[in-house]
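Letters A, B, ... are given to chains in the order of the sequence lines, protein chains preceding strands, and every chain is numbered from 1.
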Amino acid sequence: MIDTSEFRKGLKVLIEGQPYNIVDFQFVKPGKGSAFTRTTFKNLLNGRVIEMSPRSGEKFAPANVEQVQMQYLYYDGEFYTFMNTETFDQLQMTEDQVGDAKDFLMENLVADVMLFNDRPIAVELPNFVELVITYCEPGVKGDTATGAQKQATLSTGATINVPLFIEQGEKIRIDTRTRSYLERVKK
Amino acid sequence: MPHSHDETPTSASASAAASASDMTAAAPSLVQPLPRETLEAQYGVEAARLLLERSWLEDPAFERLAFLRRQGIEPYPLVQGVQYPLTALRALETMEQQPVMVAGRLIRLELGDTSGRLLLTDSSDTLWLKLHPSLLAALDKEEPVGEEARVLPHLSPGDVVACSVLGRWPDVAIVSAMLLAPNLKPLPVDKRPGGGATLETLVWRASVLRELRRWFDGHRFVEVETPILAQHSGLEPHLDPFEARFRPSPAHAGKPVWLLTSPEYALKRTLVHGLERVFQLSRVFRNGEVGAFHNPEFTMLEWYRAYSDYRTIMEDCEGLIITLAERLGMGKRLTWQGYKVDLTPPWPRMTVCEAFREYAGIALEEAPDIERLRAAAEKAGIRLPAGIDWEEGYFRILIERVEPALGFGRPVFLTDYPAPFAALARVRPEPFPVAERFELYIAGVELGNAYSELNDPQKQAERFKEEQWQRARLGAPVFEPDPDYLRALSQGLPPTGGIAVGVDRLVMLLLDLPDIRHALGFPFPMAE
């Protein structure tokens with residue numbers, strides 16, 4: 001069991017059977033009063049953030065959450081299949097479980113899969129991925145200063161804003177945290 | 001040169017082995033440990049482990065010391081004669097004939113064939129000082145290099161260095177350089193000696209303490225020092241004092257001593273015996289409290305006024321804090337973490353009931369039990385967890401809605417606490433009994449707690465009994481109440497107002513520091 005005095009950012013605990021990540025916490029104690037730990041928890045299943053102030057000394061069960069490096073193999077219309085790069089074990093995730101990460105999942109990408117009680121609950125992408133543009137309006141030369149952008153469709157089917165000079169068929173680098181274009185990748 | 005070495009520098013040819021053998025001659029225990037079994041039998045397992053532990057003796061950083069000694073340089077000479085701060089070089093007239101010695105930390109070193117200079121800093125100044133041609137010539141010579149220049153090729157930034165300087169500003173030059181203390185490990189650039197307050201904050205903090213004492217002196221308060229290591233602890237249910245052991249003696253057999261959470265009992269006893277205005281600045285200790293506003297060891301300012309009550313203490317707070325702000329050059333306002341607070345008195349007074357109505361939308365006087373409090377909280381959009389009592393419900397609403405709203409724009413005195421939170425304050429029997437107690441808030445930070453002191457020994461005895469039971473129910477250790485305090489009240493404590501103020505939080509507010517650890521030179525380490 002984990003006491004509130006052992007709280008730190010990133011610690012994963014169970015609340016009503018669901019895994020939560022401790023985002024932030026603060027020791028609060030009104031004058032002559034009992035101590036609380038004002039805590040921000042993020043639900044790892046649905047991403048919802050809650051604020052709670054457990055009494056100091058209250059105990060939480062640790063959540064059995066681990067991150068495993070896995071390679072994305074394919075999507076069969078229902079499940080996303082990943083393979084453990086060490087054991088070659090495979091597992092399947094639903095669209096819900098993969099969440100927004102699906103926009104940048106291309107075959108053979110190695111990503112962190114989060115397991116809760118050995119079941120996959122989320123995918124954490126590398127910070128940067130490289131993807132090919134499958135469709136966009138023809139490129140416009142010059143005018144790189146104004147920062148004007150256009151929409152482009154990626155090989156994964158997702159759309160993203162890119163600068164005007166980008167051409168269809170080019171490979172670009174993307175920051176997955178901000179979901180934004182970073183630069184052109186030279187062949 | 002006006003200095004002397006504590007030992008004759010070993011000659012350049014002396015080997016490290018020779019100096020190592022000197023050391024072993026002086027301290028045979030360093031190299032001739034007894035067998036582990038013998039040590040364990042004699043001193044115990046843990047002591048034996050510590051006696052045989054050698055890792056910190058063999059720190060690789062020490063290799064530079066051996067190297068320097070091989071060059072004939074004593075890295076830690078005994079030196080007399082550093083008479084002047086660096087900045088004096090800008091003004092001294094005597095050093096045209098007679099060199100003067102200055103010292104400081106070496107920031108940079110430039111050593112060329114025809115010129116060289118050192119950048120030195122101390123608390124007074126930071127100066128580039130060039131090397132005198134005679135020193136450069138000495139360096140150029142065939143071995144052995146003269147003593148005045150010997151250390152130059154072996155200096156590193158960070159070393160503490162002394163220099164003899166000759167000439168007239170700005171045309172001054174180093175004629176002799178000496179190492180005072182080598183820098184073997186990188187020094188953090190942020191100048192936080194204990195990982196907490198910066199040097200600048202420490203200096204400001206000292207000004208706050210000085211001005212505090214000046215204010216109390218000006219108002220004819222006597223500074224009293226009472227024990228922090230005491231025979232009896234307070235009984236506040238939610239405070240956890242550190243327990244210590246006095247070496248067993250017949251008088252103390254089996255009894256612990258305590259590091260106090262507050263020195264209030266002894267201070268009030270001085271009023272019983274005739275002092276009328278007293279204050280104390282002391283370290284107090286509270287186990288288990290660590291966070292952005294809590295350190296288990298902190299500085300408490302307490303003051304007590306006989307023939308007075310909590311209203312006078314409010315005026316003291318206003319006067320004291322405005323004076324501090326003005327003396328620190330802030331005028332009648334302070335800014336803490338972007339929040340501007342106007343200190344012009346009088347500061348608003350707000351009762352606990354008013355504050356609950358204003359900030360939580362809850363009529364506390366109409367919710368005297370947990371069921372009604374829960375219903376009122378529910379209406380106000382606050383969900384209280386199941387299974388808690390009224391007190392915890394009160395504290396949860398206080399920390400979630402009320403405290404975070406207090407003291408923005410202007411400081412506020414939160415006054416007249418419900419009787420269950422009277423602690424050591426007198427209770428006024430109104431329809432809804434309230435204690436003459438206040439807490440001072442500035443920008444959401446609770447700065448102090450004050451009472452019209454309870455001086456009825458019988459009521460105090462009853463409170464102690466209640467607190468013992470509360471402690472038992474909370475699973476906290478139950479102590480004997482301080483008999484000296486009860487006796488003192490029985491002898492007659494004049495009506496008294498008193499307060500305890502967290503000085504570290506006051507420093508946070510005055511110096512605009514976000515975390516108590518930035519106000520403390522050496523904060524308690526917190527789990528990462």
Side-chain angles (χ1 to χ4, degrees), chain A residues 1-67 112 114 124, chain B residues 234 236-240 261-262 286-296 383-385 388-389 391-392 394-400 402-404 406 414 417 420-425 435 437-441 444 446-451 467 470 474-476 500 502 515-516 526-528:
Chain A
M1 296 295 272
I2 296 163
D3 190 278
T4 52
S5 65
E6 297 166 86
F7 273 15
R8 54 193 157 73
K9 290 179 191 177
L11 196 72
K12 292 167 180 77
V13 297
L14 278 184
I15 300 173
E16 290 168 357
Q18 301 209 332
Y20 283 82
N21 185 31
I22 293 177
V23 181
D24 206 358
F25 66 96
Q26 194 182 28
F27 180 82
V28 279
K29 191 171 187 298
K32 308 290 169 194
S34 51
F36 300 91
T37 305
R38 184 182 287 148
T39 313
T40 309
F41 296 97
K42 186 176 177 180
N43 187 315
L44 292 172
L45 298 181
N46 56 29
R48 260 206 297 276
V49 170
I50 58 166
E51 291 257 356
M52 283 203 324
S53 299
R55 264 195 311 264
S56 285
E58 213 165 287
K59 288 178 173 55
F60 290 78
N64 177 22
V65 171
E66 58 173 337
Q67 291 199 345
D112 282 337
M114 199 182 286
E124 201 160 304
Chain B
E236 282 92 341
H238 299 291
L239 291 184
D240 187 5
T261 59
S262 154
R286 295 183 176 181
N287 209 340
E289 300 190 7
V290 66
F293 296 94
H294 296 82
N295 197 65
R383 204 173 66 94
L384 294 179
I388 63 168
D389 60 12
E391 277 198 21
E392 184 175 337
Y394 162 89
F395 282 128
R396 284 186 174 275
I397 298 163
L398 185 74
I399 62 161
E400 278 170 31
V402 182
E403 280 201 329
L406 294 174
L414 186 67
Y417 282 65
F421 309 114
L424 298 177
R437 168 184 166 196
F438 76 76
E439 291 198 355
L440 168 60
Y441 288 86
E446 183 226 319
L447 204 52
N449 178 66
Y451 306 131
E467 287 182 329
Q470 267 180 292
L474 288 165
D515 191 298
I516 198 167
M526 221 173 127
E528 284 301 308

Legend entry - Heavy-atom side-chain contact between B:E446 and B:F293 under 4.5 Å: no

Legend entry - Side chain, backbone, both or neither of B:I388 within contact of chain A (heavy atoms, under 4.5 Å): side chain

Inset, instruction - Sequence neighbours left out, what passes salt bridge (charged side-chain N to carboxylate O under 4.0 Å, His left out) with B:E391? Give chain and number order. - result: none

Inset, instruction - Any chance you could lay out the side-chain contact (heavy atoms from CB on, under 4.5 Å) test for A:K9 and A:D24, step after step, and finish with the verdict? - result: CA-CA 6 Å; A:K9 290 179 191 177; A:D24 206 358; 3.4 Å; yes

Legend entry - Residues of residues 50-67 of chain A with any heavy atom under 4.5 Å of a heavy atom in chain B: A:S53, A:P54, A:R55

Inset, instruction - Decide yes or no on side-chain contact (heavy atoms from CB on, under 4.5 Å) for A:F41 and A:I22, but give the supporting numbers first. - result: CA-CA 5 Å; A:F41 296 97; A:I22 293 177; 3.9 Å; yes

Legend entry - Interchain contact, B:R437 with chain A, by part (heavy-atom threshold 4.5 Å): side chain

Legend entry - B:L414 side chain near B:L406 side chain, heavy-atom distance below 4.5 Å: yes

Inset, instruction - Report yes if some heavy atom in the side chain of A:P19 is under 4.5 Å from a heavy atom in the side chain of A:L45; otherwise report no. - result: yes

Inset, instruction - Rounded to the nearest 0.5 Å, what's the gap from CG on A:N21 to CE on A:M114? Could you check? - result: 7.0 Å

Inset, instruction - Using non-hydrogen atoms and a 4.5 Å limit, figure out which bit of B:F421 sits close to chain A: side chain, backbone, both or neither. - result: neither

Inset, instruction - Check whether any side-chain heavy atom of B:L384 sits under 4.5 Å from a side-chain heavy atom of B:E392, and report yes or no. - result: no

Legend entry - Residues forming a side chain to side chain donor-acceptor pair (under 3.5 Å) with B:N295, sequence neighbours excluded: none

Legend entry - Distance, nearest 0.5 Å, that separates OH of B:Y417 from CG of B:N449: 6.5 Å

Legend entry - Rounded distance [0.5 Å steps], CD in A:Q18 versus CZ in A:R48: 8.0 Å

Inset, instruction - With a 4.5 angstrom heavy-atom cut-off, could you sort out which part of B:I399 is near chain A: side chain, backbone, both or neither? - result: both

Inset, instruction - May I ask you to list the residues in residues 28-38 of chain A that approach chain B closer than 4.5 angstrom, counting heavy atoms only, ordered by number? - result: A:V28, A:K29, A:P30, A:G31, A:K32, A:G33, A:S34, A:F36, A:R38

